[in-house]
Amino acid sequence: QGNVPFGSERFLERDGRTVIVKRQVVLTGDNLDDAQPGFDSQSQEPAVHLNLDAKGSRIFKDVTRENIGKRMAIVLFEKLGLPKPESFGERYPHQVSGGQLQRAMTAMALCPEPDLVVFDEPTTALDVTTQIDVLAAIKDAIRDTGVAALYITHDLAVVAQVSDEIMVLRNGLMVEHGETDQIINRPAQDYTQALVSVRSIDHKEKAAAAPVLTVEGITARYRGTKFDVLSDVNVSLSAGQTLAIVGESGSGKSTLARVITGLLPPSAGNVTFAGRRLSADLKARTRDDLRELQMIYQMADVAMNPRQTVGTIIGRPLEFYFGLRGEAKRKRIQELLDQIEMGAGYIDRYPAELSGGQKQRVCIARALAAKPKLIICDEVTSALDPLVADGILKLLLDLQKAEDVAYLFITHDLATVKAIADSIAVMFKGRVVRYGTKTDVLTPPFDDYTDLLLGSVPEMRLGWLEDVLASRRMQSADN
């Protein structure tokens, strides 16, 4: 319960109802959208909150008067840098990219001319090149419309580019509040200092050894399509090492993982794993093929059955691959929990009783239970806050030393790549455009795309976004 002063209005919580009396708005978190036009919000996942059956023009008519909605939408589309603003509103959500969806959500939030917009992790799921465009669009829109913005994020490097002030929260309490320059450059509290200095892992790359995985000439397309999603992809991964696959959304990273795991048969090429050629058909693979190649997914919430306990989740591969039962299985589960630094007391808990980082650790333990030679990590830290993500990366490196397991690490976060990789493959439009050791790939001269990718990684300094945009404009003028 409490008051939130807001212009001439006062925001309160009262019995889940929304009433407006003399410019006083009473609402709860369940009814934020009802506060329009004084208040609007933008979600972290636009694809979840947009009607998949509704065109953009219909969505904008829903949030403003029909006779002015289209004209206002076109102006906002143009302001936010969306392609063909006059006709963009006729597209359905599945016909645009993730970055375009986020900008469309920004336009929708601004359409009713609110006094305040809440941006809830609007760039978390975006690759770094797309993230710059969205950040620039949001910053320009805030400046041009004069709207106030509350920007919620776990990425201090991002918030440093768009905010005037920063409030740091932990466990529901305010840790520190001040101007952006002070929080970024002179944080006073230990927790804030830890956030600012995160990703300080120094992983020295290992020398190349015998490959555990070799991908040769892989070309693939999805059923019913007429174009290749992967074109002549060639990479290899040494035992006990990490190969990072990086690139923007749609570059083919996750599709390559689907081919390796047998979920998508390639139209050309071969995958060799642990000295044997893998069948393109998942159903034809042996139990050892399945056991020795495991996968950890981005969203731990959807990768676990919420009705099963941690012990059941981790114990399933122990039963399936090794036939463990009873006390032997429980002992091994506890060993795995100790290995992921969760210890006693978690074996009988359900996923809903765990934090985001703990859920991802359980998924790591489940993968380790099969005693794999290779684990594919698909964006395993992108949904976690920096401190938790840092802990997961350190855990993965420790486990790699102990188990000699190889990682194929799919990510769009180049800070993660620098922290964990031994070798890197940069993908663009289904092809590998740069490949080699971490040192070779991250050392100039760069090809144009790798240069763009590396230059788009947010730095925790004020003015970084403006410098990048100015550099892009200069390069565009030179061309």
Side-chain angles (χ1 to χ4, degrees), residues 154 194 198-203 239-242 244 257 290-322 324 326-411 413 416 419-422:
H154 60 240
V198 77
R199 295 292 167 89
S200 57
I201 300 172
D202 182 22
H203 173 65
Q241 296 192 19
T242 301
L290 300 176
R291 180 183 65 80
E292 293 178 351
L293 202 165
Q294 293 291 307
M295 191 161 182
I296 305 170
Y297 297 90
Q298 176 180 356
M299 301 303 293
D301 278 320
V302 298
M304 295 189 292
N305 188 331
R307 297 184 178 182
Q308 293 182 347
T309 65
V310 168
T312 302
I313 292 167
I314 299 175
R316 174 60 179 152
L318 296 175
E319 289 184 25
F320 184 76
Y321 292 119
F322 306 111
L324 291 183
E327 188 57 35
K329 183 179 76 170
R330 191 172 180 87
K331 180 180 178 183
R332 178 58 181 149
I333 292 169
Q334 191 57 59
E335 289 174 353
L336 288 163
L337 285 172
D338 291 339
Q339 211 169 358
I340 60 169
E341 301 170 358
M342 286 179 67
Y346 288 92
I347 195 168
D348 295 318
R349 293 192 188 185
Y350 289 88
E353 300 175 287
L354 306 177
S355 68
Q358 288 170 340
K359 291 173 186 175
Q360 200 59 284
R361 286 172 185 259
V362 171
C363 290
I364 293 170
R366 178 174 58 186
L368 288 174
K371 295 186 177 178
K373 293 181 178 178
L374 168 65
I375 298 177
I376 298 176
C377 303
D378 190 2
E379 299 278 12
V380 295
T381 60
S382 64
L384 304 175
D385 69 69
L387 289 177
V388 174
D390 212 42
I392 293 294
L393 292 179
K394 290 175 181 176
L395 173 65
L396 288 171
L397 288 171
D398 289 343
L399 293 172
Q400 188 173 62
K401 292 177 184 177
E403 303 291 336
D404 198 37
V405 63
Y407 298 136
L408 185 73
F409 208 96
I410 298 169
T411 183
D413 184 350
T416 297
I420 199 169
D422 297 292

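Nearest heavy-atom pair across Ala367 and Pro372 is O-CD, 3.3 Å. When all heavy atoms of Leu318 and Ala369 are compared, the closest pair comes out as CD2-O, 3.6 Å. Pairing each heavy atom of Ala300 with each of Cys363, the nearest pair is CB-SG, 3.9 Å.
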Next item on the list: I would like to know whether His154 and Leu387 meet side chain to side chain contact (heavy atoms under 4.5 Å, CB included); could you show each step before the answer?
Entry: CA-CA 9 Å; His154 60 240; Leu387 289 177; over 6 Å; no
Margin query: One pair to check against side chain to side chain contact (heavy atoms under 4.5 Å, CB included): Leu324 and Arg330. What are the steps and the verdict?
Written below: CA-CA 9 Å; Leu324 291 183; Arg330 191 172 180 87; over 6 Å; no
Check: Does the side chain to side chain contact (heavy atoms under 4.5 Å, CB included) test come out yes or no for Leu393 and Thr381, once each step is laid out?
Finding: CA-CA 8 Å; Leu393 292 179; Thr381 60; 4.0 Å; yes
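Formation of a donor-acceptor pair under 3.5 Å by the Gln308 side chain with backbone atoms of Tyr350 is not found in this model. Between the Tyr407 side chain and the Ala421 main chain, no donor and acceptor come within less than 3.5 Å of each other. Using a distance-only test at 3.5 Å, with no hydrogens or angles considered, a donor-acceptor pair links the side chain of Gln334 to the main chain of Gly343.
Here CG of Asn305 is found 7.0 Å from CD1 of Ile313. Values are rounded to the nearest 0.5 Å. Rounding to the nearest 0.5 Å gives a distance of 10.5 Å between CD1 of Ile420 and CD1 of Ile392. Distance check, rounded to the nearest 0.5 Å: CG of Leu395 to CD of Gln360 gives 10.5 Å. For the atom pair Ile296 CD1 and Ile375 CD1, the distance stands at 4.5 Å (nearest 0.5 Å). Rounding to the nearest 0.5 Å gives a distance of 9.5 Å between CD1 of Ile314 and CE of Met304. To the nearest 0.5 angstrom, Leu408 atom CG is 8.5 Å from Met295 atom CE.
A salt bridge links Lys394 with Asp390: the distance from a Lys NZ or Arg NE/NH1/NH2 to an Asp or Glu carboxylate oxygen falls below 4.0 Å.
Cys377 places none of its side-chain heavy atoms less than 4.5 Å from the side chain of Ile364. Inter-residue side-chain proximity for Phe409 and Val380 is flagged as met; some heavy-atom pair is nearer than 4.5 Å. No side-chain heavy atom of Asp348 sits under 4.5 Å from any side-chain heavy atom of Val310. Counting heavy atoms from C-beta outward, Ile333 and Leu336 have side chains that stay 4.5 Å or more apart. In this structure, Asp301 and Lys359 have side chains that are in contact, with non-hydrogen atoms separated by less than 4.5 Å. You'll find the side chain of Ile410 stays beyond 4.5 Å of the side chain of Gln298, heavy atoms only.
Every salt bridge (Lys or Arg N to Asp or Glu O under 4.0 Å) that Arg332 has, sequence neighbours left out, goes to Glu335. Remark: Arg316 pairs with no residue by the salt bridge (Lys or Arg N to Asp or Glu O under 4.0 Å) rule, at least two apart or across chains. Remark: Asp404 engages no residue in a salt bridge (Lys or Arg N to Asp or Glu O under 4.0 Å) (not counting sequence neighbours). Take Thr242 and apply the side-chain hydrogen bond (donor to acceptor under 3.5 Å, both in side chains) test, not counting sequence neighbours, and it matches Gln400. Here Glu341 pairs with Arg361 under the salt bridge (Lys or Arg N to Asp or Glu O under 4.0 Å) rule; sequence neighbours left out.
Counting only residues at least two apart or in different chains, salt bridge (charged side-chain N to carboxylate O under 4.0 Å, His left out) contacts with residues 366-381 comprise Glu292-Lys373.
Judged purely by distance below 3.5 Å, without hydrogens or angles, the side chains of Glu353 and Gln358 never pair a donor atom with an acceptor atom.
Other residues, nucleotides and ligands contribute more than 12 heavy atoms inside 6.0 Å of the CZ atom of Arg349. For Phe322, the CZ atom sits in a packed shell: over 12 heavy atoms of surrounding residues, nucleotides or ligands are nearer than 6.0 Å.
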